[in-house]
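Okay, so here's the structure we're looking at.
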Amino acid sequence: MSERRKPYPFDQIEPKWQSLWEESRAFHAPNPGEAGFDSTKPKFYILDMFPYPSGAGLHVGHPEGYTATDIVARYKRASGFNVLHPMGWDAFGLPAEQYAIKTGQHPEITTRANIAKFRMQLKRIGFSYDWEREVSTADPRFFRWTQWIFLQIYNSWFNSETQRAEPISTYRGDDPDSVRLAYVASVAVNWCPELGTVLANEEVIDGKSEVGGFSVVRRPMRQWMLRITAFAERLMDELEPLDWPVGIKLLQRNWIGKSEGAEVQFTVADAGKELEPAESGVGITVFTTRPDTLYGATYMVLAPENPLVDSIAVSEQKSAVQEYREQVAAKSDLERTDLAKEKSGVFTGSYAINPVNGERVPIWIADYVLMGYGTGAIMAVPAHDARDLEFAQRYDLPVRAVVQAPTGAENVGYVGEGAAINSPLLEGLPTVDAKEKIIRWLEERGHGRRTINYKLRDWLFSRQRYWGEPFPIVWREGKHEALAESELPLEPPPLEDFKPTGTGEPPLARAKEWLRYSEAATRETNTMPQWAGSCWYYLRFCDPANDSRFVGEGAERYWMGGDQPAGVDLYVGGTEHAVLHLLYARFWHKVLFDLGHLSKAEPFQRLVNQGMILGEDGRKMSKRWGNVIDPLDVIADYGADAFRCYEMFMGPLEQMKPWSMKGVEGVSRFLARVWRLVLEENQAGDWVRSGLVQEIPPNKRQLKMVHATIKKVSEDIEALSFNTAISQMMVFVNEFTNAPARPVSALRTLLVLLNPFAPHLASELWQRLAQEFPDGESAIEKVPWPQYDPAYLIEDEVEIIIQVNGKLRDRIVVRLNAAEEEMKAAALASAKVQEFVAGKTVRKVVIIPNRLVNIVAN
RNA sequence: GCCAGGGUGGCGAAAUUGGCAGACGCGCCAGACUUAGGAUCUGGUUCCGCAAGGAUUAGGGGUUCGAGUCCCCUCCCUGGUACCA
């Protein structure tokens, strides 16, 4: 490959332009108030999901989104916008720590080296980032403000009346610690013994850790939680006006999982004379989305972990109940959620009273009822719930249909809506009305109330790791308190041994000196999860060097302001962050907004997910298959411009698509054709101006091509349809390659259009043309984006198609805007048409001006 | 199971409001220039057919003068999710 003769000297021009851009600060975006800031221009904030700088370096997947945003950034700059287009590093994270455990190398060293490698690779692709805004989440100047934001959250509560976060000082209750947005709770967490840490639900996949695939067990531990559930409603509602893919919006909505329904209170009946009664009068509250089926509730089920079980189980059943609870506790999450398994449960021996009809219904425990959702208890309506039915059949419990199924369907097993039956209070009412009526009935009697439930849980925010942000919290006499802002940043202590302690005690506990805050107080030893930095990095980019505020007010107002509901105009990244990162970041953003620190309640206006790039064999790229493509290898052989253009030419940005080296070659040929459109090789082997390039006006056909290309490329960039934009430029180049002469003006226009895609090539050719044919502007990135003139796209004549019975039979040329009668006459005169209508009667003639004539005959 | 997105040549893919299916690129075939071609240029290339012509956008049905595009059913693929009451 190294022997390959280069189709054009990209290996010389690419480094040349990269260093010129760097020296001239070509892509630096000044902030309002700074030298060079042009306040007459509108802003455009284009954000990439910043990478975790892994040791493996850049993968071809990264530059796919980055190239797309780079094209938009260069296009927007040329179109008269102040463009914020930054890059940084999501630098805290498990791999560096794991590496440290293995080698003893401090994560900071590993991270710094990896960042240097990533930065070099990105620069080698020629991205137009404003490198003066580079940030790293592991930099104390950055995480100082991550800690500061944590304190904002810690010092806030959610006022349900205003539906906003407010400073804790406005809280009037007795115990502020019970309402803080950051709080400590003992919760059953996902403990991963192998990693020696707890994981968020989102980091556990099928009972295994997302990182490493180690098994995970449930275990109660004291953890920091963030009260994201308080924002559930707003996280759903405020998603609405955003320009996100519908699929991602849906994913977030499903994750939040809003269910409207009612809580219904059942009382535990006297458990029976001969048994030691459960404490009479104990209430069991259930959540249901179908209160209209209350008459069909023939038994109840509690989650095995439900604390009420102790007081409800009668003595004769206690041992069976206890045994079942132990069985369940021993099961891993994976086993428990295994759908293939049969439902199981145990009778508690007690009965509850159904408030609507006074009926005694048995109370069971079963692991298909989860403690973590609703109230940890259900009323079972086996006739209209598949799970309850399965359970009822297994244990021979009564089934009573209370909803009329549509004709043809059995009532039992029907889970849809329909008229209520066997329900005295609700008889005949459709589901919607029946729900309303029964809820009112329950509320009037104090047996229940209307309520809403969410699947979303509070966010488990602490980790037992070394390589993360320490909490700015100290413990004094068993109570937590905030560090003063002046004590930030709180840096992690130097450690030799990064290993998890294995007890759940974080590695920071090893740093005895650091741990001791004062005589009476010790530091919190947990660290924050990797999500913390990425929750707000896009804000820091607005003002990355500010040491007195997390982001300057003016900078925030400018870059995160504007007319739209959210500040970042375009955000491109992988679907893997569809729920977690995007939900967490929106949550933090709302807290900061509510506290008056931000301009908008939402961060990201337009979101686009790039599709995954597969190996040449159509499989996911991985070392295992040996199909991994290294961007630097491709660049060495074909150049950065070919790499960029190929990534965009492969297919639609959002689609999954396989890599093809042949495809790279094809795009590389296209760029070489552009090169040779302007230059030719002389006897000495030097590239000199092609003799065909002349200062002449383009002919009519060429003008049409120029303007059609401006239109197509501009519109396609706006729509992120880069593959078709490139294809239009290919058509342009094919056309001009064959022309006897090449007007300079047309070539210049092409170069400006091509510049966002292949900036090194376009810059070089632009400069050479400027030397041959001097004009006012010497740097292509300063040239305004061309506008097309529709007048050049219109022809005097148009070719229309002639169909007979919908089939194409002929095409003829008519004047533009020819009258219908004229088109009809011309069509009927066609010999081909006559041949096909011979012996038939023309029934109808459909005429679409400037397009077609369809003759219907039989 | 449920939700979402897909299914168009040998391959990656195009196709405004329903209006020439297959732009552009890869691959392949032929030719030109060349000592040479793995460089470059030109032409061809959905399938069947010598041709006229016919068929064709996963499969089936429908609406329409006209459907890749709209409606209904079925099949297949990808992603998400998984007892959420």
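Residue numbering restarts at 1 for every chain, and letters A, B, ... go by the order of the sequence lines.
Put simply, CG on A:Leu607 is 15 Å from C1' on B:rA4, counting in whole angstrom units. The separation between A:Leu583 atom CG and B:rU81 atom P is 13 Å, rounded to whole Å. Taking atom CD1 of A:Ile801 as the reference point, atom C1' of B:rA15 lies 13 Å away to the nearest angstrom. Spacing between atom CE of A:Met612 and atom C1' of B:rU78 amounts to 9 Å, rounded to whole angstrom units. Following rounding to the nearest Å, A:Asn854 (CG) and B:rC20 (C1') show an atom-to-atom distance of 12 Å. B:rU16 atom P lies 17 Å from atom CG of A:Leu793, rounded to whole Å. At whole-Å resolution of the value, CD in A:Glu799 and P in B:rG19 are 17 Å apart.
Within the 4.0 angstrom heavy-atom criterion, base atoms lie near A:Leu852. Counting non-hydrogen atoms under 4.0 angstrom, A:Arg843 reaches nothing in the nucleic acid. Using a 4.0 Å heavy-atom distance criterion, A:Asn805 is classed as making no nucleic acid contact. Using a 4.0 Å heavy-atom distance criterion, A:Leu251 is classed as a sugar-phosphate-only contact. In this structure, A:Met656 reaches the sugar-phosphate backbone alone: every heavy-atom distance under 4.0 Å involves primed, P, OP1 or OP2 atoms, never a base.
Residue A:Gln803 places none of its side-chain N or O atoms closer than 4.0 Å to OP1 or OP2 of B:rG19. Between A:Arg253 and B:rC3, a side-chain N or O to OP1/OP2 separation shorter than 4.0 Å is absent.
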With both pairing distances under 3.5 angstrom for Watson-Crick or G-U wobble, and | for a partner in another strand, the correct string for RNA chain B is (((((((..(((......[....)))((((((.......))))))(((....)))..(((((..]....))))))))))))....
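Considering only residues two or more places apart in sequence or on other chains, A:Phe736 meets the ring-ring contact (aromatic ring centres under 6.0 Å, His included) condition with A:Phe732.
Interatomic distance, A:Lys455 NZ to A:Lys258 NZ, rounded to the nearest 0.5 Å: 14.5 Å.
When side chains are defined from C-beta on, A:Phe649 does not count as touching A:Phe757, because their heavy atoms never get closer than 4.5 Å.
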Listed pairs, N/O of protein and of nucleotides 52-54 of chain B, under 3.5 Å:
from	atom 1	to	atom 2	distance (Å)
B:rG54	OP1	A:Arg809	NH1	3.4
B:rG54	OP1	A:Arg809	NH2	3.1
B:rG54	OP2	A:Arg809	NH1	3.0

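For an aromatic pair to be called close, the ring centres must be under 6.0 Å apart, and A:Tyr792 with A:His707 satisfies this. Between A:Phe391 and A:Tyr368, a ring centre-to-centre spacing shorter than 6.0 Å is recorded.
Using the six-membered ring where Trp is involved, A:Trp459 and A:Tyr584 have ring planes that are parallel, under 30° apart on the 30 and 60° scheme.
A salt bridge links A:Glu715 with A:Lys711; the closest basic N to acidic carboxylate O contact falls under 4.0 Å. Using a 4.0 Å cut-off between charged side-chain N and carboxylate O, A:Glu417 and A:Arg290 make no salt bridge.
With hydrogens and angles ignored, no donor-acceptor pair closer than 3.5 Å exists between the side chain of A:Glu654 and the base of B:rG5.
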Which parts of nucleotides 22-28 of chain B does protein reach within less than 4.0 Å, heavy atoms only, written one letter per nucleotide 5' to 3' as B for base, S for sugar-phosphate only and - for none? -BBSSS-
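The stretch residues 294-302 of chain A does not touch RNA chain B, since none of its heavy atoms comes less than 4.0 Å from the strand.
Each salt bridge (charged side-chain N to carboxylate O under 4.0 Å, His left out) pair with one or both residues in residues 373-385 of chain A, not counting sequence neighbours, appears once here: A:Asp385-A:Arg387.
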